[in-house]
Amino acid sequence: MTGMTHAMQKGSNIPVAATAVRAVLRWTGGPDVPDVDASALLVGSDGRVRSDEDFVFYNQPRHPSGAVWRLGKKQIGDAVTDAVQADLRTVTPSVDRVLVVASAEDVPFEHVRDLRILLYDAASAGASEPLAYFDVRPETGAETAVICGELYRRGDGWKFRALGEGYSDGLVGLATDHGISVDENAAEGAPEPAGSPTAGPTSEQTAAMAPPTQAPPPVPPAYGYPQPVSPVPVPGPGGDPSFRLPVQGPQFIRR
């Protein structure tokens, strides 16, 4: 595949022979251009996540399996990139697809210029040319989150499909659509009511009262952020699909 880059059309797909791939979102920055974030959703054949851990984003930058993680942003001239990497050999068999998502903070994608997803062979040291790229053009311009493409299993191998499917209700709508139940109070950053005079606030309330604008640390920990001492219980695989995000999770909605 070296030196041969596929320019993809919406809905088209290519086989992926690489054992590890890097999906790079690239756009042109500017004063009126929103900050775009790359994230990934690992979903089963039913199109749903197994738990909130299957959502890799800036508050949870690495999947517990180690198979999918975020690489972070870079500025190259006028262009800005954010990227997700996947080691396809270690993706759990129950994961059928890895969705690569671009989201903006309440700013519609009509303000994002030259959005493109590029797929690279991350296992080959000499592969400087992308395997493929797709120019993502939102259908309405009102979207605040877009599934740019997906890696999906076909037989014993993998393929990549160019998608460009948008959500006008952002990551909340996209997450809900794929089986994540979002707490609307936490989503709006509303503080929980204080505990009664005889009892202090619970650990959940304390976490909910933390400012929703908390920035990620300069160097994300290798395996994601520390979990709260008393996380909201999350059923394991095969449990109730309508689980709730842990208390720190909804920060992804509005930082």
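Since the structure is predicted, the reported quantities are computational estimates derived from the model, not experimental observations.
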The residue among Leu171, Val56, Val84 that forms side chain to side chain contact (heavy atoms under 4.5 Å, CB included) with Ser39 is Leu171
Passes side-chain contact (heavy atoms from CB on, under 4.5 Å), Leu42 versus Glu53? Steps please. CA-CA 9 Å; Leu42 287 72; Glu53 291 182 332; over 6 Å; no
Taking the side chain as every heavy atom from C-beta outward, state whether [X] and [Y] have any pair of such atoms under 4.5 Å apart.
X	Y	answer
Val91	Trp158	yes
Tyr167	Asp177	yes
Arg50	Val43	no
Ser103	Val36	no
Leu174	Glu165	no
Leu99	Phe55	no
Leu151	Val21	yes
Cys148	Leu163	no

Those residues that, when tested against [X], pass side-chain hydrogen bond (donor to acceptor under 3.5 Å, both in side chains) (two or more places apart):
X	answer
Arg161	Glu150, Tyr152
Asp114	Thr28
Asp135	Arg116

What do the steps show when you test Tyr58 against Arg70 for side-chain contact (heavy atoms from CB on, under 4.5 Å), and what is the final call? CA-CA 8 Å; Tyr58 43 75; Arg70 292 189 63 217; 2.9 Å; yes
Nearest heavy-atom neighbours spanning [X] and [Y]:
X	Y	value
Arg113	Val33	NE-CG2, 3.7 Å
Phe109	Ala102	CZ-O, 3.6 Å
Ala86	Val68	CB-CG2, 4.1 Å
Asn59	Pro61	C-CD, 3.7 Å
Gly141	Pro108	O-CB, 3.1 Å
Gly44	Asp96	C-CB, 3.6 Å

Euclidean distance, [Y] [atom2] relative to [X] [atom1], rounded to 0.5 Å:
X	Y	atom1	atom2	result
Lys159	Ser12	NZ	OG	10.5 Å
Ile180	Arg48	CD1	CZ	10.0 Å
His6	Asn13	NE2	CG	10.5 Å
Leu41	Ile147	CG	CD1	7.5 Å
Thr90	Leu88	OG1	CG	8.0 Å
Leu131	Arg22	CG	CZ	10.0 Å

Give a yes or no on whether [X] and [Y] share a hydrophobic cluster (residues Ile, Leu, Val, Met, Phe, Trp, Tyr; joining criterion: side-chain heavy atoms under 4.5 Å apart).
X	Y	result
Leu71	Phe57	no
Val98	Trp69	no
Val80	Val146	yes

Flag the pair Lys73 and Asp82 as a salt bridge only when some basic side-chain nitrogen lies within less than 4.0 angstrom of an acidic carboxylate oxygen. yes
What I want to find out is whether Lys10 reaches Glu139 closely enough, with some N-O distance under 4.0 Å, to be called a salt bridge.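 Yes, this pair counts.
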Please step through side-chain contact (heavy atoms from CB on, under 4.5 Å) for the pair Leu115 and Arg26, ending with a clear verdict. CA-CA 6 Å; Leu115 180 63; Arg26 191 177 76 195; over 6 Å; no
Give a yes or no on whether the backbone of [Y] and the side-chain of [X] come within a donor-acceptor separation of less than 3.5 Å.
X	Y	result
Arg153	Arg97	no
Ser168	Ala142	no
Ser65	Ala67	yes
Glu143	Gly164	no

Test side-chain contact (heavy atoms from CB on, under 4.5 Å) on Thr144 and Asp169 and set out the steps. CA-CA 6 Å; Thr144 49; Asp169 45 0; 5.8 Å; no
How about Gln9: does its CD atom have over 12 heavy atoms from other parts shown lying under 6.0 Å from it? no
Counting neighbours of CG on Asp78 that are heavy atoms of other residues, nucleotides or ligands and sit closer than 6.0 Å, is the number greater than 12?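 Not buried by this count: 12 neighbours or fewer within 6.0 Å.
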Run the numbers on Asp32 and His111 for side-chain hydrogen bond (donor to acceptor under 3.5 Å, both in side chains), then give the verdict. CA-CA 7 Å; Asp32 300 321; His111 296 288; over 6 Å; no
